[in-house]
*Asks:* 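Take this structure first; my questions come after.
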Amino acid sequence: MYNIAVLGDYDSIYGFAVLGLTTFAVKTPDEGAKTLRRIAESGYGIIYITEKLAAQIPEELKRYQDKMVPAIIRIPGVSGNTGDGIQGVKDSVEQAVGSDILFGNVSSNKEETLRK
């Protein structure tokens with residue numbers, strides 16, 4: 001069984017420890033990249049990472065993009081939702097399936113609503 005980790009700034013991730021997840025608070029992008037590499041190679045199957053930190057270490061994330069394990073999932077931090085997390089899920093599904101099956105209709109409906 002794989003472990004689950006949460007990586008990001010302390011204020012954004014400390015609550016996940018209550019759920020039994022292992023948290024890794026980092027203060028700098030460099031520390032975040034090194035920690036991500038360390039935990040990815042330590043048997044974690046899922047790594048949640050704050051959107052802000054993920055945006056600061058894109059090259060490190062690319063290292064794991066095509067791997068099944070660990071699954072790296074972007075989550076909003078205390079500073080709010082940037083939309084990167086949902087975009088990451090959308091991109092992954094599109095890559096796996098070959099088309100946008102999740103949000104294809106939502107986008108057109110949203111555009112239609114905006115035109116009204």
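Positions are given from 1 along the sequence. On a predicted model such as this, the values are computed, not experimentally measured, just so you know. The basis for the numbers below is simple: all heavy atoms, side chains too, and nothing from hydrogens, waters or symmetry mates.
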*Asks:* Which residues pass the salt bridge (charged side-chain N to carboxylate O under 4.0 Å, His left out) test with Glu41, not counting sequence neighbours?
*Replies:* none
*Asks:* Under the rule for salt bridge (charged side-chain N to carboxylate O under 4.0 Å, His left out), what residues qualify as partners of Arg63, not counting sequence neighbours?
*Replies:* Glu60
*Asks:* Not counting sequence neighbours, list each pair that qualifies as a ring-ring contact (aromatic ring centres under 6.0 Å, His included) and has a residue in residues 45-74.
*Replies:* none
*Asks:* Among pairs that include at least one residue of residues 6-27, which meet ring-ring contact (aromatic ring centres under 6.0 Å, His included), considering only residues two or more places apart or in two chains?
*Replies:* Tyr10-Tyr14, Phe24-Tyr44
*Asks:* Identify whether Leu61 and Ile39 are in the same connected component of the hydrophobic contact network (ILVMFWY, side-chain heavy atoms under 4.5 Å).
*Replies:* yes
*Asks:* Who passes side chain to side chain donor-acceptor pair (under 3.5 Å) against Ser12, sequence neighbours left out?
*Replies:* Asp9
*Asks:* Please examine the side chains of Leu36 and Leu53, heavy atoms only from C-beta on, and report whether any two atoms are closer than 4.5 Å.
*Replies:* no
*Asks:* Write out all pairs satisfying salt bridge (Lys or Arg N to Asp or Glu O under 4.0 Å) with one or both partners inside residues 22-33, taking only residues at least two apart or from two chains.
*Replies:* Asp30-Lys34
*Asks:* With the side chain counted from C-beta on, respond yes when Ile4 and Leu19 share a heavy-atom pair under 4.5 Å apart, and no when they do not.
*Replies:* no
*Asks:* Do the side chains of Leu21 and Ile13 join up, straight or via other hydrophobic residues, at under 4.5 Å, putting them in one cluster?
*Replies:* yes
*Asks:* Which distance, rounded to the nearest 0.5 Å, do you find between the CD1 of Ile73 and the CD1 of Ile47?
*Replies:* 10.0 Å
*Asks:* With ILVMFWY side chains joined below 4.5 Å, transitively, what does Met68's cluster contain besides itself?
*Replies:* Tyr2, Val69
*Asks:* Rounded to the nearest 0.5 Å, how far apart are CD1 of Ile72 and CD1 of Ile46?
*Replies:* 11.5 Å
*Asks:* Between Val6 and Ile75, is any pair of side-chain heavy atoms under 4.5 Å apart?
*Replies:* yes
*Asks:* Applying salt bridge (charged side-chain N to carboxylate O under 4.0 Å, His left out), name anything that partners Lys62, two or more places apart in sequence or on another chain.
*Replies:* Glu59
*Asks:* Using salt bridge (charged side-chain N to carboxylate O under 4.0 Å, His left out) as the criterion, list what pairs up with Asp11, not counting sequence neighbours.
*Replies:* none
